[in-house]
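What follows is a set of notes on a single structure, which appears directly below.
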Number of protein chains: 2
Amino acid sequence: MSGQRLGPATPRQRPVPEATVARLPVYHRALATCAERGLTTVSSSDLAAAAGVKAAKLRKDLSYLGSYGTRGVGYEVAHLLACIGQELGIAQQWAVVIVGVGNLGHALAGYAGFASRGFRVAALVDADPVRAGGSVAGLAVRPLEELEDAVVSCGASIAVLAIPAPAAQEVTDRLVAAGVTSILNFAPTPLVVPAGVDLRKVDLALELQILAFHEQRKADLARGAAG
Amino acid sequence: MSGQRLGPATPRQRPVPEATVARLPVYHRALATCAERGLTTVSSSDLAAAAGVKAAKLRKDLSYLGSYGTRGVGYEVAHLLACIGQELGIAQQWAVVIVGVGNLGHALAGYAGFASRGFRVAALVDADPVRAGGSVAGLAVRPLEELEDAVVSCGASIAVLAIPAPAAQEVTDRLVAAGVTSILNFAPTPLVVPAGVDLRKVDLALELQILAFHEQRKADLARGAAG
DNA sequence: AACTGTGAAGAACTTCACAGCA
DNA sequence: TGCTGTGAAGTTCTTCACAGTT
């Protein structure tokens with residue numbers, strides 16, 4: 001890594017709030033767009049607009065990483081891009097194991113957005129003997145018995161779970177035992193992991209149900225106003 | 001607005017916080033599991049454990065919907081299931097239009113979790129002439145020119161966007177103009193919608209980037225402790 | 001005795017508004 | 001003057017702890 005050896009490497013900042021962490025990738029993407037357009041500097045308000053947040057929020061978020069802007073001018077695009085990229089570990093290639101190659105897992109295995117962000121789908125695992133043995137997106141699908149070996153042999157610390165809910169906890173336990181320390185869960189069930197293991201969930205039906213709740217309210221409102 | 005209808009339909013509670021709304025589907029699912037197991041009542045602590053939250057949080061969440069529990073006993077499973085189901089519009093069939101039938105849209109079109117939660121994928125639309133005209137998951141894929149017609153003819157108020165980022169805002173505008181009032185966005189770009197339209201986003205690469213951030217911190221920490 | 005419902009305290013996050021610097 | 005960085009205020013969400021009910 002050609003990282004600077006002085007302060008900037010890991011200057012032990014005040015801890016970055018989780019809400020801020022969740023926006024850093026958005027800022028990174030917005031900055032990349034700015035760079036593509038040939039901009040060399042951006043103001044907080046322009047960048048915030050591109051990222052879909054308020055300017056004050058963006059400035060406070062960046063302040064947790066340090067002072068990267070110039071008063072009266074704005075932020076230097078390339079520099080800020082590099083700083084946020086370093087925080088996110090963009091330079092590094094993260095090996096990811098996907099467990100479950102059904103409908104969804106199949107799509108995730110071929111999702112271009114992962115590769116372009118530094119994630120390499122390093123192994124696919126599936127419990128179904130029909131699927132295991134085949135290959136998806138140019139990668140062999142391995143049987144569930146080889147889960148641990150798949151994790152260890154590619155050195156993955158991140159796993160994606162795209163399996164039915166009933167199997168999710170057991171597979172999670174095995175992943176953690178094999179050395180995985182971050183899990184992205186698509187199974188619609190809560191998972192328990194030991195301290196030190198990060199867990200995020202994506203629940204597709206839930207997202208629609210939240211929208212349906214609001215649709216329902218809108219309909220009730222309209223009915224109340226009209227009738 | 002002033003007149004309370006007092007009917008069973010909309011007892012006009014204090015407004016339900018957004019964070020609570022986002023958990024109602026989780027509770028609903030946990031309750032469904034309880035019902036399958038033949039339980040007739042559950043305590044807040046048992047239900048909370050099944051939903052992966054703390055008991056106090058669950059009780060406060062439910063308190064926004066009304067008083068459905070019995071002190072000293074717990075909640076009647078069937079009753080609470082019905083109450084939450086009503087809030088979420090479970091009884092209703094929501095027609096959903098999916099725009100973009102690539103890798104991800106294809107998987108979403110065939111996702112069983114939608115159908116089982118009251119969502120009917122009513123139309124598929126894609127800009128690619130090769131895909132349009134074909135069929136996916138037993139449904140014809142219509143060209144982008146027919147977007148408005150697809151929305152109107154199936155009466156969909158909910159749309160799912162699984163298209164590349166550059167096209168997302170324009171398609172959004174057209175969807176809104178055609179009458180869509182809720183959008184689930186998978187395109188990695190911020191969208192602007194008018195007031196009254198609900199918008200949620202699912203950003204798959206972002207989720208992994210958040211995990212990578214924490215992986216990076218863990219690695220830094222280990223390095224600091226060891227070397 | 002057991003368990004819910006909730007006011008009050010606490011924590012996290014957002015927004016404001018302005019001091020401070022280029 | 002223009003824009004960043006940030007203390008302070010405001011808002012939302014979570015947790016606590018206990019009064020109230022069966």
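So that the names make sense, note that chain A is the first sequence line, chain B the second, and so on, each numbered from 1.
- In this structure, the nucleotide among C/dA22, D/dA17, C/dA8 sitting nearest to the side chain of B/K60 is C/dA8.
- A/D61 has its CG atom 14 Å from the P atom of D/dT4, to the nearest Å.
- With hydrogens and angles disregarded, a donor-acceptor distance shorter than 3.5 Å links the side chain of A/K218 to the backbone of B/T181.
- Between A/K57 and C/dT14 there is a side-chain polar atom (N or O) within less than 4.0 angstrom of OP1 or OP2.
- Between D/dG5, D/dC13, D/dT22, one nucleotide has an atom nearer to the side chain of B/P17 than all others, and that is D/dC13.
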- Task: May I have the step-by-step check of side-chain hydrogen bond (donor to acceptor under 3.5 Å, both in side chains) for A/E76 and A/T41, ending in yes or no?
- Result: CA-CA 4 Å; A/E76 209 217 315; A/T41 61; over 6 Å; no
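- The CD-C1' distance, from B/E76 to D/dT22, rounds to 15 Å in whole Å.
- One atom, NZ of A/K54, and another, P of D/dG5, lie 20 Å apart when rounded to the nearest Å.
- Checked for salt-bridge contact, B/R217 and A/E87 meet the test: a charged N lies under 4.0 Å from a carboxylate O.
- Distances shorter than 4.0 Å separate none of the side-chain N or O atoms of A/Y64 from OP1 or OP2 on C/dA12.
- Judged by atom type and distance alone, B/R71 does not reach the base of D/dT21 through any side-chain donor-acceptor pair under 3.5 Å.
- The distance from the CZ atom of A/F213 to the CG atom of B/D198 is 10.5 Å, given to the nearest 0.5 Å.
- The CZ atom of B/R59 sits 15 Å away from the P atom of D/dA19 (whole-angstrom rounding).
- C/dG5 atom C1' lies 14 Å from atom CG of B/L80, rounded to whole Å.
- Residues A/R29 and B/D203 are paired through a salt bridge, judged by an N-O separation under 4.0 Å between the basic side chain and the carboxylate.
- Atom OH in A/Y68 sits about 19 Å away from atom C1' in C/dC21, given to the nearest Å.
- In this model, the phosphate group of D/dG5 is approached by a side-chain N or O of A/Y75 to a distance below 4.0 Å at OP1 or OP2.
- Residue whose closest nucleotide on DNA chain C sits further toward the 5' end, between B/A56 and A/T20: B/A56.
- Here the side chain of A/K57 pairs no donor or acceptor atom with the backbone of A/A48 at under 3.5 angstrom.
- DNA chain D lies under 4.0 Å from no heavy atom of any residue of residues 39-48 of chain B.
- The distance from atom CG of A/L62 to atom P of D/dT4 is 10 Å, rounded to the nearest whole Å.
- Checking the phosphate oxygens (OP1, OP2) of C/dT14, a side-chain nitrogen or oxygen of A/R23 falls inside 4.0 Å.
- Straight-line distance from the CG atom of B/L58 to the P atom of C/dC3: 14 Å, rounded to whole Å.
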- Task: Start with the C-alpha gap between B/R200 and A/L208, add the side-chain angles, then the distance that decides, and say whether side chain to side chain contact (heavy atoms under 4.5 Å, CB included) holds.
- Result: CA-CA 9 Å; B/R200 294 190 64 83; A/L208 285 187; over 6 Å; no
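- The side chain of B/A19 approaches D/dC13 more closely than any other nucleotide in the set D/dT15, D/dC13, C/dG5.
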